[in-house]
Amino acid sequence: MSGKLIVFEGVEGCGKTTQMQLCNQWLHSLSVSVVLTREPGGTELGSHLRRLLLEKSEDKPVGEVTELLLYAADRAQHIEQELKPNLAAGKYILCDRYTDSTIAYQGYGRGLSMSIINQLNNIATGGLESDLTIWLDVDVEVGLARKRGSEAALDRIEQEAIAFHHRVQQGYTELAATYPARIFRVDGSLSKEVVQHTIKQILSDRFFNS
């Protein structure tokens, strides 16, 4: 069995963490070897970068270009240390965010150059694309309400203005329209059971029923 890179994407509060855990349990029940990881923070170096990227600092804010470069550095390390070895070992990787996040957040959200973002993504990934991307689509307001209703404090990105999050959502919408063979939209506003059933069907059709 060859390894697969399955990415979960979406705006804040879309339910990625819950659905990844449910998918992990399901794949294990099928005797599939699974690795759960995330960007940023999927390596020891990445965990330090994640803290720098997501902690709120009023007096010393992270610059937009600095933010982009830190995400690229995290991704490059993640791919070499975690993704490539586990894919080579035939494992299924469930990854919380990947290149589409950078396009949606730094490209659409921040308004940074798509040309530069694409170049950095290509450098960091060496051309490694996801085998499948699950886009959990929820209204921005719904997702942020979920976040505010949780016990965890909002991070730097979650505290951005609502207009920023709407631009990110538009980015995901356009990415899904551009790459329909890779990105599958799932209505993240439905119950977690219905969402999981839909995701299982997508994964089964793509990887297990051929």
Side-chain angles (χ1 to χ4, degrees), residues 1-10 14-55 62 66-107 116-136 155 157 172 175-176 179 181-184 186 196 199-210:
M1 179 184 293
S2 59
K4 303 295 181 185
L5 175 57
I6 302 165
V7 175
F8 289 73
E9 292 280 4
C14 67
K16 292 184 283 80
T17 301
T18 297
Q19 293 304 324
M20 284 178 63
Q21 293 291 346
L22 292 172
C23 275
N24 179 45
Q25 295 169 16
W26 173 63
L27 289 170
H28 274 298
S29 75
L30 301 178
S31 299
V32 175
S33 182
V34 184
V35 173
L36 272 74
T37 189
R38 67 181 181 178
E39 290 191 356
T43 63
E44 182 178 358
L45 173 63
S47 66
H48 296 296
L49 294 175
R50 184 181 181 86
R51 179 180 58 80
L52 294 172
L53 282 161
L54 298 183
E55 282 187 359
V62 177
T66 304
E67 178 184 80
L68 174 63
L69 293 171
L70 287 173
Y71 277 117
D74 168 82
R75 179 162 298 133
Q77 182 72 12
H78 188 219
I79 287 169
E80 290 303 318
Q81 185 176 325
E82 294 293 330
L83 300 191
K84 285 184 177 179
N86 282 307
L87 289 172
K91 297 181 180 180
Y92 274 51
I93 300 174
L94 305 182
C95 187
D96 184 340
R97 301 199 181 283
Y98 194 52
T99 53
D100 293 318
S101 277
T102 307
I103 295 170
Y105 279 80
Q106 280 67 54
I116 292 175
I117 289 171
N118 289 333
Q119 289 179 44
L120 285 172
N121 274 340
N122 287 335
I123 291 170
T125 65
L128 178 64
E129 295 184 348
S130 69
D131 293 284
L132 176 70
T133 297
I134 300 294
W135 169 38
L136 294 169
D155 65 33
I157 302 298
Y172 280 121
L175 280 165
Y179 303 103
R182 177 175 63 82
I183 301 176
F184 282 70
V186 175
Q196 180 60 198
I199 293 173
K200 285 180 181 178
Q201 192 62 56
I202 293 170
L203 267 61
S204 295
D205 291 344
R206 175 62 69 93
F207 302 125
F208 303 122
N209 291 341
S210 58

Notebook entry, point to check: What pairs with R38 under salt bridge (charged side-chain N to carboxylate O under 4.0 Å, His left out), at least two apart in sequence or on another chain?
Noted result: none

Check: If you measure only the distance, is there a donor-acceptor pair under 3.5 Å linking the side chains of Y71 and R97?
Finding: no

Next item on the list: Please report the shortest heavy-atom distance between H48 and E44, naming the atom on each side.
Entry: CD2-O, 3.2 Å

Check: More than 12 non-hydrogen atoms from neighbouring residues, nucleotides or ligands closer than 6.0 Å to CG on L54, yes or no?
Finding: yes

Next item on the list: Take Q106 and L120 through the side chain to side chain contact (heavy atoms under 4.5 Å, CB included) test and state the conclusion after the steps.
Entry: CA-CA 12 Å; Q106 280 67 54; L120 285 172; over 6 Å; no

Margin query: Within the structure provided, determine whether N121 and R75 are in side-chain contact (heavy-atom separation under 4.5 Å).
Written below: yes

Margin query: Can you give me the closest heavy-atom contact between R206 and A181, atom names plus distance?
Written below: NH2-O, 2.6 Å

Next item on the list: Quickly, which of Q77, H78, K84 forms a side chain to side chain donor-acceptor pair (under 3.5 Å) with E80? Name it, please.
Entry: K84

Check: How many angstroms lie between atom CD1 of I79 and atom CG of N86, to the nearest 0.5 angstrom?
Finding: 13.0 Å

Next item on the list: List the atom of H28, the atom of V34, and the distance in Å for their closest heavy-atom pair.
Entry: NE2-CB, 4.1 Å

Next item on the list: Calculate, to the nearest 0.5 Å, the distance between atoms CG and CD1 belonging to L68 and I116 respectively.
Entry: 8.0 Å

Item checked: Side chain to side chain, T125 and L83, heavy atoms closer than 4.5 Å -> no

Notebook entry, point to check: What are the two closest non-hydrogen atoms of Y98 and L128, and how far apart are they?
Noted result: OH-O, 2.8 Å

Item checked: Between OG1 on residue T133 and CG on residue L175, distance to nearest 0.5 Å -> 9.5 Å

Next item on the list: Classify the ring geometry between F208 and Y92 as parallel (under 30°), tilted (30 to 60°) or perpendicular (over 60°).
Entry: parallel

Notebook entry, point to check: Side chains of D74 and R50: does their closest heavy-atom pair fall under 4.5 Å?
Noted result: no

Margin query: For a 4.5 angstrom cut-off between non-hydrogen side-chain atoms, does L49 reach T43?
Written below: no

Next item on the list: Please confirm whether the backbone N or O of I6 pairs with a side-chain atom of D131, one donor and one acceptor, at under 3.5 Å?
Entry: no

Note to self: Please identify which of these residues, L94, V32, T18, I134, meets the side chain to side chain contact (heavy atoms under 4.5 Å, CB included) condition with C23.
What the structure shows: L94

Checklist line | Heavy-atom donor-acceptor pair, S204 side chain to Q201 backbone, under 3.5 Å | finding: no

Check: For the atom pair CD1 (I93) and NZ (K4), what is the distance rounded to the nearest 0.5 Å?
Finding: 12.0 Å

Notebook entry, point to check: How far does CD of E129 sit from CG of D100, to the nearest 0.5 angstrom?
Noted result: 9.0 Å

Checklist line | Side-chain donor or acceptor of N122 paired with backbone N/O of N118 under 3.5 Å | finding: yes

Check: How far apart are the closest heavy atoms of E9 and T99, and which atoms are they?
Finding: OE2-N, 4.4 Å

Margin query: If you compare all heavy atoms of P85 against all heavy atoms of Q81, which two are closest, and at what distance to 0.1 Å?
Written below: CG-O, 3.5 Å

Check: Can you tell me how far OG1 of T17 sits from CG of L136, rounded to the nearest 0.5 angstrom?
Finding: 10.0 Å

